[in-house]
Amino acid sequence: MPPTDADLHTQLPTDKELVLKVIPLPSDTNGNGDIFGGWVMSQVDLAGSVLCARVAQGRIATVAVNEFIFKQPVRVGDLLSFYSSVLRTGRTSITVQVEVFAERIRAQGQYVKVTEARLTYVAIDDEGRPRVLPPSA
């Protein structure tokens with residue numbers, strides 16, 4: 001028998017920064033009634049960009065989704081918490097890890113990890129060309 005949410009409860013990370021919280025709506029569902037994966041991916045992209053924009057001190061663009069794992073379904077009414085950390089900075093690029101946790105509407109205070117992803121962004125100038133990250137990065 002597959003594990004239930006109760007079997008999957010976890011603690012929120014303390015070594016990553018909370019960068020986004022959002023509640024998916026009925027308009028975000030797929031044909032199965034779960035939240036559409038593309039919607040989750042777009043939210044992860046937004047969450048991943050938060051720390052990158054801070055490091056880059058300016059415009060950035062997503063250049064790669066290195067890894068994206070859907071672990072559990074996301075449901076209407078879940079409170080999603082997106083945690084991020086910088087894994088690596090290069091000359092013009094920043095790679096981040098994003099983990100997404102759902103607090104189910106009927107299980108307040110209990111969290112299930114639903115998604116994790118690794119994305120790479122590049123700092124860009126006003127013309128959209130790669131630019132070198134600031135020295136503090």
When rounded to the nearest 0.5 angstrom, what distance separates [atom1] in [X] from [atom2] in [Y]?
| X | Y | atom1 | atom2 | answer |
| --- | --- | --- | --- | --- |
| L51 | I60 | CG | CD1 | 9.5 Å |
| K71 | E99 | NZ | CD | 9.0 Å |
| L87 | I94 | CG | CD1 | 11.5 Å |
| I69 | R118 | CD1 | CZ | 9.0 Å |

Any side-chain to backbone donor/acceptor pair from [X] onto [Y]? Under 3.5 Å, distance only.
| X | Y | result |
| --- | --- | --- |
| D78 | L80 | no |
| Q57 | R54 | no |
| R131 | A56 | yes |
| R59 | D126 | yes |
| N32 | D34 | no |

When you group the ILVMFWY residues by side-chain heavy-atom contacts below 4.5 Å and let the links chain together, are [Y] and [X] in the same group?
| X | Y | value |
| --- | --- | --- |
| L46 | I124 | no |
| V63 | L133 | no |
| V86 | L119 | yes |
| L18 | F101 | yes |
| Y111 | L79 | no |

Is any side-chain heavy atom of [X] less than 4.5 Å from a side-chain heavy atom of [Y]?
| X | Y | answer |
| --- | --- | --- |
| H9 | V112 | yes |
| E17 | S84 | no |
| M41 | F70 | yes |

For [X] against [Y], the heavy-atom pair lying closest together:
| X | Y | answer |
| --- | --- | --- |
| Q43 | F82 | CB-CZ, 3.6 Å |
| S49 | Y121 | N-OH, 3.4 Å |
| V74 | P24 | CG1-CG, 3.8 Å |
| P130 | V122 | CB-CG2, 4.1 Å |

* May I ask you to check whether S85 and D15 show a side-chain donor-acceptor distance below 3.5 Å? =>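 No, D15 and S85 have no side-chain donor paired with an acceptor closer than 3.5 Å.
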* Step through the shown structure and confirm whether more than 12 heavy atoms of other residues, nucleotides or ligands are within 6.0 Å of CD on E67. =>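 More than 12 within 6.0 Å, yes.
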* To do: Look at atom CZ of F36 and say whether more than 12 heavy atoms of other residues, nucleotides or ligands are closer to it than 6.0 Å.
  =>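 Not buried by this count: 12 neighbours or fewer within 6.0 Å.
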* **K113/V100 under side chain to side chain contact (heavy atoms under 4.5 Å, CB included): CA gap, chis, key distance, verdict** => CA-CA 6 Å; K113 187 180 201 178; V100 185; over 6 Å; no
* Check T120, N66, T89 against T95 for a side chain to side chain donor-acceptor pair (under 3.5 Å) and give me the one that passes. =>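 With T95 as partner, T120, N66, T89 yield a single side chain to side chain donor-acceptor pair (under 3.5 Å), made by T120.
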* To do: Under the side chain to side chain contact (heavy atoms under 4.5 Å, CB included) rule, what do E116 and Q97 come out as? Steps first, then yes or no, please.
  => CA-CA 7 Å; E116 61 185 59; Q97 177 79 23; 4.0 Å; yes
